[in-house]
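Lettering of chains follows the sequences in order, A, B, ..., and the numbering in each one begins at 1. None of these values were measured; they are calculated from a predicted model. When reading the values below, keep in mind they use all heavy atoms of this one structure, side chains included, and skip hydrogens, waters and symmetry mates.
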2 protein chains.
Amino acid sequence: MNQKKRQRIVILGGGFGGVYTALQLEKLLGRRDDFEILLINKENYFVFQPMLAEVVSGSVGMLDTISPIRRLLPRTDLHVREIESIDVKNKTVTTTPGFRQHPNVIDYDHLVLALGNVTDFRGLRGLPEHAIPFKNLSDALYIRNHVIHVLEEAAIEHEDEQLRRQLLTFVVAGGGFSGVEVVAEINDFVRGVIRNYPQIDPAEVRVVLLHGLDRILPELDEKLAFYAQKILLKRGVEIRLKTRLEAATGDEAVLKGGERIRTKTLISTVPSSPNPLIDAIELPKERGRLKADSSLLVAGTDSVWALGDCAVVPLANGGYCPPTAQFAIRQGKTAAQNIVAAIRGGRRHTFKFKELGKLAALGHRSAVAQVFGVNLSGFLAWFMWRTIYLMKLPGWGRRLKVASSWTFDLFLPPELVQLKLTDSMGVSHEHFEPGEEIFHQGDLGDRIYIIASGQAEVVREEDGREVSLARLGAGEYVGEMALLNQTTRNATVRCLEPLDVLSIHKREFGLLAANLPAMRESFERVMTQRTMETRAALVAVGSP
Amino acid sequence: MNQKKRQRIVILGGGFGGVYTALQLEKLLGRRDDFEILLINKENYFVFQPMLAEVVSGSVGMLDTISPIRRLLPRTDLHVREIESIDVKNKTVTTTPGFRQHPNVIDYDHLVLALGNVTDFRGLRGLPEHAIPFKNLSDALYIRNHVIHVLEEAAIEHEDEQLRRQLLTFVVAGGGFSGVEVVAEINDFVRGVIRNYPQIDPAEVRVVLLHGLDRILPELDEKLAFYAQKILLKRGVEIRLKTRLEAATGDEAVLKGGERIRTKTLISTVPSSPNPLIDAIELPKERGRLKADSSLLVAGTDSVWALGDCAVVPLANGGYCPPTAQFAIRQGKTAAQNIVAAIRGGRRHTFKFKELGKLAALGHRSAVAQVFGVNLSGFLAWFMWRTIYLMKLPGWGRRLKVASSWTFDLFLPPELVQLKLTDSMGVSHEHFEPGEEIFHQGDLGDRIYIIASGQAEVVREEDGREVSLARLGAGEYVGEMALLNQTTRNATVRCLEPLDVLSIHKREFGLLAANLPAMRESFERVMTQRTMETRAALVAVGSP
């Protein structure tokens, strides 16, 4: 028996599915050494997803929701890398290079796909550029910092009332579990810290939840959903039912039907779809997810296993597993048993599990829950939610820390520290909708815009009249004048059709223009030409 | 009296000096309303600087060292903005624009300059590009995440032993207070978490402290400095005295005299110089700092006050105030009293203060201290250090949280979560020293390099022989082939003279090439030409 080669089990993904598969494999490994476990994840920690929304409001510390994978899985080899490709035919996984620029190819004997799903904004106008997803820890931290940032700006914006109201408007799209939890936490947080901003009138704060169906929380009983709606309304959340997001810009949420809500904070928890890596694998799928049998083996293979949100797993009594942590955890256990059975020989287990219950937190010591068929709501549900999650957190140390955070949170005011850790990207995509201005005459110029698609109009105000100077389309750029001459914008650029631009900050533009002679020359040529054309246009309409 | 216009006191900087000036002003304001206080800081929090090094090792939580300024200073108007310029003649301060692209000009009656100092790498070869400063909270978090990142990479680097050792080498330049504290914390942290990385041999870890003088901690008594050196050596820190950093690259710390230490982690706490904004002010200075009198008023003005690390303040018994928090706090108090005296009338106070003591933490429950002339070291000094700082932390809530963090730290293992919050900058400067390779034949290509200054050589290995293909200088670029053709590097580029490049990631390069026809054409032209030249060179040396 021992002459058999040691088998390598490679697990992709460090969420509930992947981590619990590895945990069970470590247990089954025991003192034998007939297989090794390798887990690939882009972070070195496991996120306790159900608590992520609380990171936004700061009622748990930002590290309290996560556990280092190395501590959880001492006998698993961890590769903290992005996955580049999966080759099922040759049984290899390729990860991105690290400090050494070499492809990193890993062989496997058994592959566990637990890649979860992602919020996928592709194909939605302006969402990839301007909507904030809520999926990972970095999203939660980003949202938190962004919310504090707009509050700081609203506090010093006394001149432009429209902008101040826009800064104080927060829009969340998607009324499922995560949308409801995040809107509740943002609402609690903003209305809680607002008293530290005496310059802001609390009545100006607007928190909006958009949901496509006729009630929120479709995962729960109707009665509980109505209770949740009532609670949220009472706390000041505006719920817009049967309302969908159609497009987004840096200034507005555009709703289906044409209504626009001016906001600088648009979060969208929808649409959700499997990890793009799953798209690229040539294995049987259903609605984009891998088709696994009741032993978690992917149809047509003998070494690829799939579980969690990226898989479709049949239930014994018909139907399929819902995409929840409870199921992913139990699936991981079964998958581990079956992989070991495949290596050592033995009978395969069939996945069986009856859901315990469902919970959604509503912020501020309130929740709705459905446990063993019983509906709970209010403080009792919230307290149960806290207790269950606390016991489910891996490790006593972490439980202790989280419990102490929660205790402090009962009597200490919420944190309002804004951590500026990310530099604004120098080169980025932006989207504009018709009627919006890319910039306004007289503004300070700090970016140049290259039009990728759509149409814009350049107009100048002279003595109260507006003179149209030019129309711009794909491949043309605008905004370079103010940058090269270090002055304010000498015209307004307004969007005529939905417009996608590449926007470059003056810092990066300066670097590029200084180092790329071809680029500088081309910009200078266009500038000279534009100056002449402008003069001609203004002469034609009788301006000096 | 009440017909007088309300005076506006504008404070620049939210460190010890600025915050304690505002605290004292709020006290003196009382129920009167004859002045208003406005503080401008680029963060919305105050950093308790003495604890910053502990954020690196995680022995205090990352938010435990900071306090929201709005909570500390409820009657002060806070502007969270960068300062663009100071106009002493017209009594205005201009801050960067926020969401609205308009200049933001603030009038003042009294101006308090408490801008501290910065770590200034300008003029030092490669340091601005590759050395990590240790000054702000974001630096501390960056260092922490970076250290975990290199550990994760070292754990999976089995092929390239030189790279693994480079990843496990940590170099800190500057043996003053902050350099010693940060090297002690990094050393503790790395040696503490290494057991979670069974793939890494602890003997491969190297932590080096570089210091220009013949002993560390020049601020302290010789005896204490020797004690500190002994402790650090015992814990495994390599101390290199009379050794200065001459240059830095992405791969090496270059020492004066030519020795090079291969490392991916180079932190430098030197040189320190006043905030660049102080440079630009036309007021009397001494060694770059503002010359204040013993009432904290800047010489020759009646409305500009300066204190803390950006000012030179005379002491009653001769000499000048050292740049420490203790002095900044007391200076803030005196400045506030004198500003109020200037507004309301009254006698000015003279700054007087005798230092209480000096402390440096050495990590792992050890410190050195000099208090009222008495020298302390070891656990006693450490315990005193903790207690004093705890009592100095603003607010009981925070004290409680920090105390509980410290308690957990006594029995829980250190965190090893790596928070990836920053995207790698798409466009950045890099520096290379002679002999280093910009990239190697066969590497994967993910960046293009535009040479700003210096010389490089392009060589190709063919059948074990190295053929020189070209020499490149300022304005030329290299690396575009692998990017445009999506292949590996087909040659090695080696640095001949110190080389400064602008490096662009393939993502940003793709965006630019797709949207800027002029740029794409210019690159394609050069590519065609190079392919032909390469063929000619290889034919000349007899390769196919």
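- Taking 4.5 Å as the limit, every side-chain heavy atom of A:F99 sits out of range of all side-chain heavy atoms of B:R164.
- Proximity to chain A (any heavy atom under 4.5 Å) is shown, for B:N136, by neither the backbone nor the side chain.
- Of the listed residues B:L167, B:D443, B:I504, the one with more heavy-atom pairs under 4.5 angstrom with chain A than any other is B:D443.
- A salt bridge between A:E153 and B:R81 is present, with a side-chain N of the basic residue lying under 4.0 Å from a carboxylate O of the acidic one.
- Atoms CG and NE2, from B:L444 and A:H102 in turn, are 7.5 Å apart once rounded to the nearest 0.5 Å.
- Heavy atoms of A:Y477 lying under 4.5 Å from chain B belong exclusively to its side chain.
- A salt bridge links B:E159 to A:R100: one of the charged nitrogens lies within less than 4.0 Å of a carboxylate oxygen.
- Between chain A and the residues B:E157, B:R489, B:H440, the most heavy-atom pairs under 4.5 angstrom are made by B:E157.
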Test log, rule side-chain contact (heavy atoms from CB on, under 4.5 Å), inputs B:R70 and A:Y197: CA-CA 8 Å; B:R70 292 186 180 280; A:Y197 296 82; 2.9 Å; yes

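- Applying the side-chain contact (heavy atoms from CB on, under 4.5 Å) test between A:N44 and each of B:I148, B:N196, B:L151 identifies B:I148 as the sole match.
- Smallest separation of non-hydrogen atoms from B:L78 and A:I156: O-CG2, 3.6 Å.
- Taking the side chain to side chain contact (heavy atoms under 4.5 Å, CB included) definition, one finds that B:D251 meets it with B:Q166, B:T249, B:R262, B:K264, B:E436, sequence neighbours left out.
- Side-chain contact between B:H79 and A:E152: absent, with no pair of heavy atoms (C-beta onward) separated by less than 4.5 Å.
- When heavy atoms are compared at a cutoff of 4.5 Å, B:E476 does not approach chain A at all.
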